[in-house]
Amino acid sequence: MIPYKMDEQYLPEKTEKDAQDYWERQHSFKAVPDPKREKFYCLSMFPYPSGKLHMGHVRNYTIGDVITRFQRMQGRNVLQPMGWDAFGLPAENAAMANGVPPAQWTWDNIAYMKKQLKSLGFAIDWERELATCEPDYYRWNQWLFLRMLEKGIAYKKTGTVNWDPVDQTVLANEQVIDGRGWRTGAVVEKREIPMYYLAITRYAEELLADLEKLPEWPERVRTMQANWIGKSTGVRFAFPYKLDGREERLWVFTTRADTIMGVTFCAVAAEHPLATHAARNNPKLAAFIEECKRGSVMEADLATIEKKGMPTGISVTHPLTGEPVPVWVGNYVLMGYGEGAVMAVPAHDERDFHFAKQYGLPIRQVIAVGSEKFSLDAWQEWYADKERGHCVNSGKYDGLGYSAAVDAIAADLKAKSLGDKQVMWRLRDWGISRQRYWGCPIPIIHCDHCGDVPVLDRDLPVVLPEDCVPDGTGNPLNKRADFVNCACPKCGKPARRETDTMDTFVDSSWYYARYASRRSDSAMVDDETAYWMPVDQYIGGIEHAILHLLYSRFWWKVMRDTGLVKGDEPFMRLLTQGMVLNEIFFRKPASGRIQYFNPAEVEIKTDDKGGRLGAVLKSDGQPVESGGIGTMSKSKNNGVDPQSLIEQYGADTARLFMMFAAPPEMTLEWSDEGVAGASRFLRRLWKLVHDHVRQGPAPKIDFTALPEAAKDLRRQTHQTLAKVTDDIGRRRTFNTAIASVMELLNAVSKFDDASALARAVRQEALEFAVLMLAPIVPHICHALWQALGHPEAAIDVRWPKPDDGALKQDSLEIVVQVNGKLRGRVSVPVQAGEDKVRELALADDAVARHVGGKPVKKVIVVPGKLVNIVL
RNA sequence: GCGAAUGUGGCGGAACUGGUAGACGCGCUGGAUUUAGGUUCCAGUGGGGUAACCCGUGGGGGUUCGAGUCCCUCCAUUCGCACCA
């Protein structure tokens, strides 16, 4: 056997090129369906092609790659695809800044980022690559949208948007800064415009119930989704009133129908028809309604604004008491949510309480809890306690508890045909219309004679012209006659094409299914999808825990109901990775703006215990302030470019550091020293293998009769294998897997025995270490596996199994506590019974000293672990 | 404001099922090699105490033979809130 010629030095660049060339030549990552083999579909959330990779991408895709390679070593047929979430706002912003069409900017970025991904050595099947801005992809967005129109799942209604009155354009929430347009600084207004919606609420019940089918999703994500869907049972009912002699009804919804006798006013949104009517002859109210329409539409803003209101002068009739109830306009009531009107019970709702106090409205207690005293001085939590409360001052309902009162009141309202119980969802239908250029066109044609007409299937895709350059004043598609002007599919007369495009969340709601159908020209997905789907492991940022994941689950269910796919859920197992953070350094000049410094430009001063004294700028030696830890961002100048990291240390070091610094679900703090440490470990590993193979091939021996030290090392080798298998396969704690391989290699270094027997044990330890690390640092392991004398490539090797014989132990160390405090350790034979363990524990010198002849009350023995002696 | 999470040495983290707190790595200290620095190697490293020991997991309280882990409460930080992706 010719020994592999191994460089003495670890040369990452050469090692990584060799391994990547090999994988490329062998088409190692091509995924081919094979019904005889168990498949494993490992998917990472695809990137937005923003320009270059950031550390969050590197972390995300390394986690995915480790799982992919591990599953492959388990013998599964793996698929790991990659693509581009290519439509979106940043391309338009870049276009405005540079005068380059979004398409060109996007494709340039894709080319660069693809090169970066390849340099990291991810086991991706690039033949399945897709970009959502390709007509071949987005035509199926349009196709399924048309199916949804047919089913009534897609429909049109008005929605509220942020409107910049100067640029005459709709703004994204992100473009509204402190209530003003980001480019113009103009105070943003709310505006009602027609939009297309997808009736995700039709699936609310199933989306909620099917969370049960996702036991491998993080509990917190399921909880967040359940809260977001927000199922509540309540009562929808009406306050009748007369308007210009007509009988009208003001509808509201409440989850606290038991407090209905405490209603002292109602509040409606500024856009509510009742408010509009009342403002006709009331200039003050009209002005107030205009004021309410200013500001952003963001939920977080609305929840924190100062609550303001004004009476409409209109009264409605209480449906049960018949008393008049005044109606107010409230800036905190949303037209787009529920009925756009609410009943107000100031005694038992905190917001209503403060509103009533502010405007001097009556507060009527109708719920009591025990002997608690109700007072108008300050809000008390128990006022809203439906669990412990019962009705008072409520006539026939007095004494009833929450659910009995709701039942009785709902029945009475129903008898009067003024209301009934109803299930209510917090979830709202998904508005998908965007008044933007760089997105998937909505396939609708507006005809003066036929109305809104769907584009015919045979005319799909509606192709987006790629040569537009937006200028910030509305959608440039409106200025493209060649796009807008068309013939009505129904009557053939001249008509106008819809210029709104789809929310990019549509694009990302089904890309995983398209990857699985490699080349499907005639359908949204083909038969191959049935083999690969569902995704076995999905990996992405926690920031997508609600919207993207909920929309994808919804879209998948619609595809299922259209007969395209089988199965209720697209993603079986989910891993939400934490953010990548770095320290923030800055100086605050006496005048002028804060100046941020990249951590690479800063030197930390420490005392002789390693404690931090301060930080100075390397270039001038003057102190800088620390702004704590934050996500890597341009504005805080605390980003680290993955490219420079790869160039300096290589992909394996980058991957190792990312996996070692924190468990995947937690935030990860950047550390240059930590990266250097990862690199040091790889050099040490290389040297260890090099020193070993230099002595020639290790002999094949029988492991049954080994000296104690060799036996210990062999046991540790197999224990480590068992732990790493569990850490990567089940727990997904790559950091602890790496730590235990480090421990094993520390033991190999210390194992000072040159005998043939020892060489064989060392060979096994090194082989296992290389295979265990192969999913994490695949390039160096590719080289080391060859160096250890194997003709087949590491990528094709099966994951080893621990040997029970090697794991066997004769005695165990048991910890002995006295009154719960650690006082000694004793060695006991593995098969020792509880009595024997207790006897050995009490016989220990240190333990006997602490017992000191005092009476032993109780002895607790935890087998194989510890003994606690209670005095 | 609402929803979700996190908090352990100088730092990142480990402790998986209520059972040895601080694995592994970084930093720091001392030493060796080299000596210009770095690299590499060895030893030490939660705090206090001469020691026996004592104290220690964001703060306060509780359950238990035993709590970083469970319960209550408070504080701080991070993420999401529907047109950023």
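A quick note: this is a predicted structure, and the numbers were derived from the prediction, not measured. The chains referred to below are lettered A, B, ... by the order of the sequence lines, with proteins before strands, and numbering in each begins at 1.
Side-chain contact of A:D167 with A:T473: a donor-acceptor pair under 3.5 Å is absent, judged by distance alone. With 3.5 Å as the limit, one finds a donor-acceptor pair spanning the side chains of A:D727 and A:T736.
Rounded to whole Å, the C1' atom of B:G19 lies 35 Å from the corresponding atom of B:U29. Between the P atoms of B:C72 and B:U20, the separation comes to 24 Å (whole Å). Between the C1' atoms of B:A23 and B:G46, the separation comes to 14 Å (whole Å). If you take atom C1' in B:G25 and the same atom in B:G9, they sit 14 Å apart, rounded to whole Å. Across the C1' atoms, B:C41 and B:U35 are found 16 Å apart, a figure rounded to whole Å. B:A21 and B:C54 have their P atoms separated by 12 Å, with the value rounded to a whole Å.
A close approach under 4.0 Å does not occur between any side-chain nitrogen or oxygen of A:R680 and OP1 or OP2 of B:C41. Contact check, A:S671 against B:G12: no side-chain N or O comes under 4.0 Å of OP1 or OP2. Contact between the side-chain N/O atoms of A:R434 and the OP1/OP2 oxygens of B:C83 is found at a separation under 4.0 Å. When the side-chain nitrogen and oxygen atoms of A:H850 are compared with OP1 and OP2 of B:C53, one or more of them lie within a distance under 4.0 Å. The side chain of A:N173 contributes no N or O atom lying less than 4.0 Å from OP1 or OP2 of B:C81. Neither OP1 nor OP2 of B:A43 sits under 4.0 Å from any side-chain N or O of A:K750. The phosphate of B:C2 has neither OP1 nor OP2 within less than 4.0 Å of any side-chain N or O from A:R426.
At most 12 non-hydrogen atoms from other residues, nucleotides or ligands lie less than 6.0 angstrom from NZ of A:K52.
The side chain of A:D85 lies closest to B:A85, out of B:A85, B:A82, B:G12. Picking from B:G7, B:C24, B:G80 the nucleotide with the shortest atom distance to the side chain of A:I546 gives B:G80. With distances taken from any side-chain atom of A:L89 to the nucleotides B:G13, B:A85, B:G19, the minimum falls on B:A85. When the nucleotides B:A14, B:G3, B:A5 are ranked by their closest atom to the side chain of A:N227, B:G3 comes out on top. When distances run from any side-chain atom of A:L822 to the nucleotides B:G1, B:A21, B:U40, the shortest one goes to B:A21. Closest to the side chain of A:R825, out of B:C55, B:C81, B:U20, is B:U20. Listed candidates were B:C26, B:C16, B:U20. Nearest to the side chain of A:E673 is B:C26. Residue A:R428 places its side chain closer to B:A82 than to any other of B:U40, B:C55, B:A82.
Remark: A:E216 does not engage A:R732 in a salt bridge, criterion side-chain N to carboxylate O under 4.0 Å.
Nearer the 5' end of RNA chain B, as judged by each residue's closest nucleotide, is the contact made by A:E219, out of A:R684 and A:E219. Each of A:A662 and A:A303 was assigned the nucleotide of RNA chain B with the nearest heavy atom; the assignment lying further toward the 5' end belongs to A:A303.
For A:E743, there are no side-chain hydrogen bond (donor to acceptor under 3.5 Å, both in side chains) partners two or more places apart in sequence or in a different chain.
Contact annotation for A:K857: no contact, since no heavy-atom pair falls under 4.0 Å across all strands. Counting any heavy atom pair closer than 4.0 Å across all strands shown, A:V170 reaches a base atom. Among the protein residues, A:T304 comes within range of the nucleic acid bases, having at least one heavy atom under 4.0 Å from a base atom. Counting any heavy atom pair closer than 4.0 Å across all strands shown, A:T667 reaches sugar-phosphate atoms only and no base atom.
Residue-to-nucleotide contacts include no donor-acceptor pair under 3.5 Å from the side chain of A:R612 to the base of B:C11.
For RNA chain B, runs of at least 3 consecutive pairs of the Watson-Crick or G-U wobble type, with both hydrogen-bonding distances under 3.5 angstrom, map to B:1-7 with B:75-81, B:10-12 with B:24-26, B:27-32 with B:40-45, B:46-48 with B:53-55, B:58-62 with B:70-74.
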